[in-house]
Amino acid sequence: MSRQRKLEVIQQAEDVTIGELVRLTDVRYSTLKFYTEQGMLPFQQSEENLTRRYKREESIRRIQWIKALRQEGKSIQQIKQMLHAQG
């Protein structure tokens, strides 16, 4: 297993892992995994390396947006529909 990158490195990285997103956003791993599985959180995954990589800035913005909508009482289905409407 590889060593954790320092937070300072993660905060500057273009691509991050789901575990690093947990550290950056304070959102539970299982929640981010669920968002990913629901197609709400885009990622890249190279063939030779199974680690999913997320665009740090884009992913953080998306997670904050989802959190805000959830606090407004929107359901996951409603949020997915909004994402689909955005294209």
Side-chain angles (χ1 to χ4, degrees):
M1 186 169 216
S2 62
R3 293 174 50 162
Q4 274 191 351
R5 295 194 290 179
K6 293 183 180 181
L7 189 56
E8 298 80 29
V9 173
I10 296 168
Q11 290 170 330
Q12 300 302 316
E14 183 176 341
D15 297 319
V16 295
T17 65
I18 192 168
E20 291 168 342
L21 273 179
V22 169
R23 292 173 64 193
L24 291 170
T25 63
D26 250 358
V27 175
R28 292 175 47 179
Y29 182 95
S30 58
T31 300
L32 296 181
K33 187 171 184 280
F34 176 74
Y35 291 164
T36 298
E37 291 169 350
Q38 293 297 308
M40 299 167 66
L41 202 53
F43 64 92
Q44 299 98 27
Q45 189 170 13
S46 61
E47 290 179 31
E48 67 276 355
N49 183 354
L50 298 179
T51 302
R52 292 174 177 166
R53 296 281 178 185
Y54 300 82
K55 295 290 183 196
R56 180 181 51 84
E57 291 180 2
E58 175 186 336
S59 296
I60 290 172
R61 278 193 302 272
R62 175 71 58 91
I63 292 164
Q64 290 170 340
W65 180 73
I66 293 169
K67 283 173 66 172
L69 291 174
R70 294 292 288 152
Q71 288 175 347
E72 292 174 13
K74 300 273 191 273
S75 70
I76 294 296
Q77 190 60 37
Q78 289 171 316
I79 295 170
K80 285 172 62 174
Q81 289 172 348
M82 293 170 78
L83 283 169
H84 184 71
Q86 288 180 350

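Atom set for the values below is all heavy atoms of this structure, side chains included, hydrogens, waters and symmetry mates excluded.
No more than 12 heavy atoms of other residues, nucleotides or ligands lie within 6.0 Å of CD in E57, so this atom counts as exposed by the packing criterion. Counting non-hydrogen atoms of neighbouring residues, nucleotides and ligands closer than 6.0 angstrom, the CD atom of E14 reaches no more than 12 such neighbours.
Taking OH of Y29 as the start and OG1 of T36 as the end, the distance is 8.5 Å to the nearest 0.5 Å. With rounding to the nearest 0.5 Å, the separation of CD in Q12 from NZ in K6 is 14.0 Å. Between the CZ atom of R5 and the CD atom of Q11 there is a distance of 11.5 Å, given to the nearest 0.5 Å. Note: R28 CZ to F34 CZ = 12.5 Å, rounded to the nearest 0.5 Å. With values rounded to the nearest 0.5 angstrom, I76 atom CD1 is found 4.0 Å from M40 atom CE. To the nearest 0.5 Å, atom CG of residue L83 and atom CD1 of residue I66 are 6.0 Å apart.
Between L7 and R23 the shortest heavy-atom distance is N-NH2, 3.6 Å. Residues P42 and R62 come closest through the heavy atom pair CD-NH1, 3.7 Å. Listed here is the closest heavy atom pair of K33 and I18: N-CD1, 3.5 Å. For the pair S59 and L41, the tightest heavy-atom approach, listed with the atom from each and the gap, is O-CD1, 4.0 Å.
Using modelled atom types, one side-chain atom of Q45 and one backbone atom of L50 make a donor-acceptor pair closer than 3.5 Å.
Annotation: side chain of T25 is in contact with side chain of L32 (closest heavy-atom distance under 4.5 Å).
Of the residues listed (V22, I10, V9, I60), the one engaging V16 in a side-chain contact (heavy atoms from CB on, under 4.5 Å) is I10, and it is the only one.
D15 has no carboxylate O lying under 4.0 Å from a charged side-chain N of R56, or vice versa, which leaves the two without a salt bridge.
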